[in-house]
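Hydrogens, waters and symmetry mates are skipped; everything else that's a heavy atom, side chains included, is used. Keep in mind that what you see is a predicted model, and the values were worked out from it rather than measured.
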Amino acid sequence: MATPPEIEIVGAGPAGLACAILLARAGCRVTVREWHGDVGHRFHDDFQGLENWTDPRDVLDELAEAGIAADFDHHGVREGIVFDGRARPHAVQGARPLFYLLRRGRAAGTLDRALLDQARAAGAEVRFNDRVKTTSGNMVLAGGPRRADIIAVGHVFHTDMADGAWLALDKTLAPKGYAYLLVQGGRGTVASCLFKGFRDHAGYLAATVEYFTRHAGLTMRDPRPFGGFGNMRLARTAMQGGCPVIGEHAGFQDALAGFGLRYAMRSGKLAAESLLN
């Protein structure tokens with residue numbers, strides 16, 4: 001198949017920007033259309049994890065092989081504590097990082113800003129405040145989650161705590177989900193990820209903060225609230241109206257895989273390859 005002369009990508013999240021980087025570097029004329037005013041609109045400089053335990057390849061090597069540089073701020077986390085439903089701690093560790101801690105949002109050093117800069121450097125045009133109402137031609141759909149199957153509520157904060165990663169599996173903190181605390185370099189994120197009980201999210205977050213205060217020595221300065229949601233479904237196909245669908249727009253999500261980050265960028269890579277090959 002000849003290289004498509006022009007491709008539009010709807011959405012400037014990690015999936016859409018990863019796809020744009022690969023297509024632009026292959027010589028395609030790529031336009032990314034994002035209806036919000038900047039990247040990372042769903043995030044607030046909060047920590048997330050880029051999962052690294054489900055594949056023999058290191059995720060940063062996987063990105064590099066696809067032509068995506070890890071020029072965002074990141075820190076490899078090799079150990080942490082998992083609390084079971086009875087609050088018993090279990091130490092986990094790996095010979096290589098279990099995940100890479102990174103930041104999401106629009107600030108310098110975040111994953112979102114780094115991918116935007118790479119897409120533009122590759123030659124892609126990125127248009128903000130550009131809402132797509134109909135699909136046509138060579139399009140890739142990467143508009144993000146279409147419904148809320150998962151919600152995350154939490155705080156980002158400053159702290160004097162030592163660096164660390166804690167996960168709690170307790171239905172009183174996060175029904176059907178999990179709560180987590182991530183601290184690195186004097187900054188932290190604490191959150192409850194709920195798969196049900198959304199209306200009571202404030203209570204679950206308060207319980208999560210109290211839990212990690214008691215069991216992990218959580219201390220917060222200048223906490224700022226944040227929230228987000230995710231879409232997870234098993235779609236029959238990753239095509240819609242003849243267009244590839246990627247990231248959470250397609251429902252690609254995994255509760256224990258960095259909130260879908262690795263899936264998102266991998267799906268963007270695969271969509272690019274399918275259009276090129």
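Side-chain N/O atoms of Gln118 and Asp71 include a donor and acceptor closer than 3.5 Å. A side-chain N or O of Tyr100 and one of Asp58 form a donor-acceptor pair less than 3.5 Å apart. In summary, the side chains of Asp84 and His90 do present a donor paired with an acceptor at a separation below 3.5 Å, with no hydrogens or angles considered.
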* side chain to side chain contact (heavy atoms under 4.5 Å, CB included) between Leu101 and Asp73, worked out -> CA-CA 8 Å; Leu101 194 66; Asp73 296 342; over 6 Å; no

* **Stepwise salt bridge (charged side-chain N to carboxylate O under 4.0 Å, His left out) test for Arg42 and Glu248** => CA-CA 13 Å; Arg42 293 166 51 206; Glu248 286 190 77; 3.6 Å; yes

* **His74 vs Leu50, side chain to side chain contact (heavy atoms under 4.5 Å, CB included): CA-CA, chis, key distance, verdict** => CA-CA 9 Å; His74 61 277; Leu50 182 57; over 6 Å; no

* **Derivation and outcome, side chain to side chain contact (heavy atoms under 4.5 Å, CB included), residues Thr208 and Leu173** => CA-CA 5 Å; Thr208 293; Leu173 309 179; 3.7 Å; yes

* To do: Go through the steps to decide whether Phe226 and Val153 satisfy the test side chain to side chain contact (heavy atoms under 4.5 Å, CB included), and finish with yes or no.
  => CA-CA 6 Å; Phe226 76 91; Val153 290; over 6 Å; no

* salt bridge (charged side-chain N to carboxylate O under 4.0 Å, His left out) between Asp170 and Arg86: does it pass, once the steps are laid out? -> CA-CA 8 Å; Asp170 188 324; Arg86 296 183 179 179; over 6 Å; no

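In terms of hydrophobic clustering, with Ile, Leu, Val, Met, Phe, Trp and Tyr side chains grouped at heavy-atom distances under 4.5 Å, Val32 and Leu116 are assigned to a common cluster. Hydrophobic clustering, with ILVMFWY side chains joined whenever heavy atoms are under 4.5 angstrom apart, groups Phe229 together with Phe198. Leu270 and Met265 are members of different hydrophobic clusters when ILVMFWY side chains are connected at heavy-atom separations under 4.5 Å. When hydrophobic clusters are built by joining Ile, Leu, Val, Met, Phe, Trp and Tyr residues whose side-chain heavy atoms come closer than 4.5 Å, directly or via intermediates, Val59 is grouped together with Leu22. The hydrophobic clustering, which links ILVMFWY residues whose side-chain heavy atoms are closer than 4.5 Å, places Leu169 and Leu98 together.
Considering CG of Leu23 and CG of Leu276, their distance stands at 5.0 Å, rounded to 0.5 Å. Taken to the nearest 0.5 Å, the CZ atom of Arg33 stands 12.5 Å off from the CG atom of Asn129. Note that OH of Tyr178 and CG of Leu194 are 10.5 Å apart. Values are rounded to the nearest 0.5 Å. The distance from atom OG1 of Thr31 to atom CD1 of Ile9, rounded to the nearest 0.5 Å, is 9.0 Å. Summarising the geometry, atom OG1 belonging to Thr135 is positioned 6.0 Å from atom CG belonging to Leu141; distances are rounded to the nearest 0.5 Å. If you take CD on Glu273 and SG on Cys19, they are separated by 10.0 Å, rounding to the nearest 0.5 Å.
Ring pair His215/Phe83: centre-to-centre distance below 6.0 Å.
Closest heavy-atom contact between Arg96 and Trp53: NH2-CA, 4.3 Å. Val30 approaches Ala24 most closely through the heavy-atom pair CG2-N, 3.7 Å. Closest heavy-atom contact between Ile246 and Ala142: CG1-CB, 3.5 Å. Closest approach of Phe157 to Pro223, counting heavy atoms only: CB-CA, 3.9 Å. Heavy atoms only, all atoms of each residue included: Ala165 and Phe99 are closest at CB-CZ, 4.0 Å. In terms of heavy-atom proximity, Asn52 sits nearest to Arg57 at OD1-O, 4.0 Å.
At most 12 heavy atoms of other shown residues, nucleotides or ligands fall within 6.0 angstrom of atom CZ in Arg199. Shown here is Glu79, whose CD atom has no more than 12 heavy atoms of other residues, nucleotides or ligands within 6.0 Å.
Looking at heavy atoms from C-beta onward, Trp35 lies out of side-chain contact with Val132 at the 4.5 angstrom threshold. Proximity of His41 to Glu34: side-chain heavy atoms (C-beta onward) are separated by under 4.5 Å at one or more points. Using a 4.5 Å heavy-atom cutoff, the side chains of Thr189 and Gln48 are not in contact. Inter-residue side-chain proximity for Leu167 and Leu181 is flagged as unmet; no heavy-atom pair is nearer than 4.5 Å. Residues Arg113 and Asp117 form a side-chain contact, since some pair of their non-hydrogen atoms from C-beta on lies under 4.5 Å apart. Looking at Trp166 and Phe212, their side chains come closer than 4.5 Å, going by heavy atoms from C-beta outward. Residues Arg187 and Thr159 form no side-chain contact, since every pair of their non-hydrogen atoms from C-beta on lies 4.5 Å or further apart. Side-chain atoms of Val209 and Met220, non-hydrogen and from C-beta on, do get closer than 4.5 Å to each other.
Judged by the 6.0 Å and 45° rule, Arg103 forms no cation-pi pair with Phe72.
The backbone N or O of Ile7 sits nowhere less than 3.5 Å from a side-chain atom of Arg29 that would complete a donor-acceptor pair. Side chain of Asp46 to backbone of His44: a donor-acceptor contact under 3.5 angstrom is found. Although no hydrogens or angles enter the test, the distance criterion places no donor-acceptor pair under 3.5 Å between the side chain of Ser192 and the main chain of Leu205.
Ion pairing of Glu65 with Lys269 is absent here, as no side-chain N (NZ or NE/NH1/NH2) approaches a carboxylate O to less than 4.0 Å. Ion pairing between a basic and an acidic side chain is recognised when a charged N comes within 4.0 Å of a carboxylate O; Asp45 and Arg104 show no such pairing. In summary, Arg224 and Asp222 do not engage in a salt bridge, as defined by a charged side-chain N under 4.0 Å from a carboxylate O. The pair Glu62-Arg266 meets the salt-bridge criterion, since a charged nitrogen lies less than 4.0 angstrom from a carboxylate oxygen.
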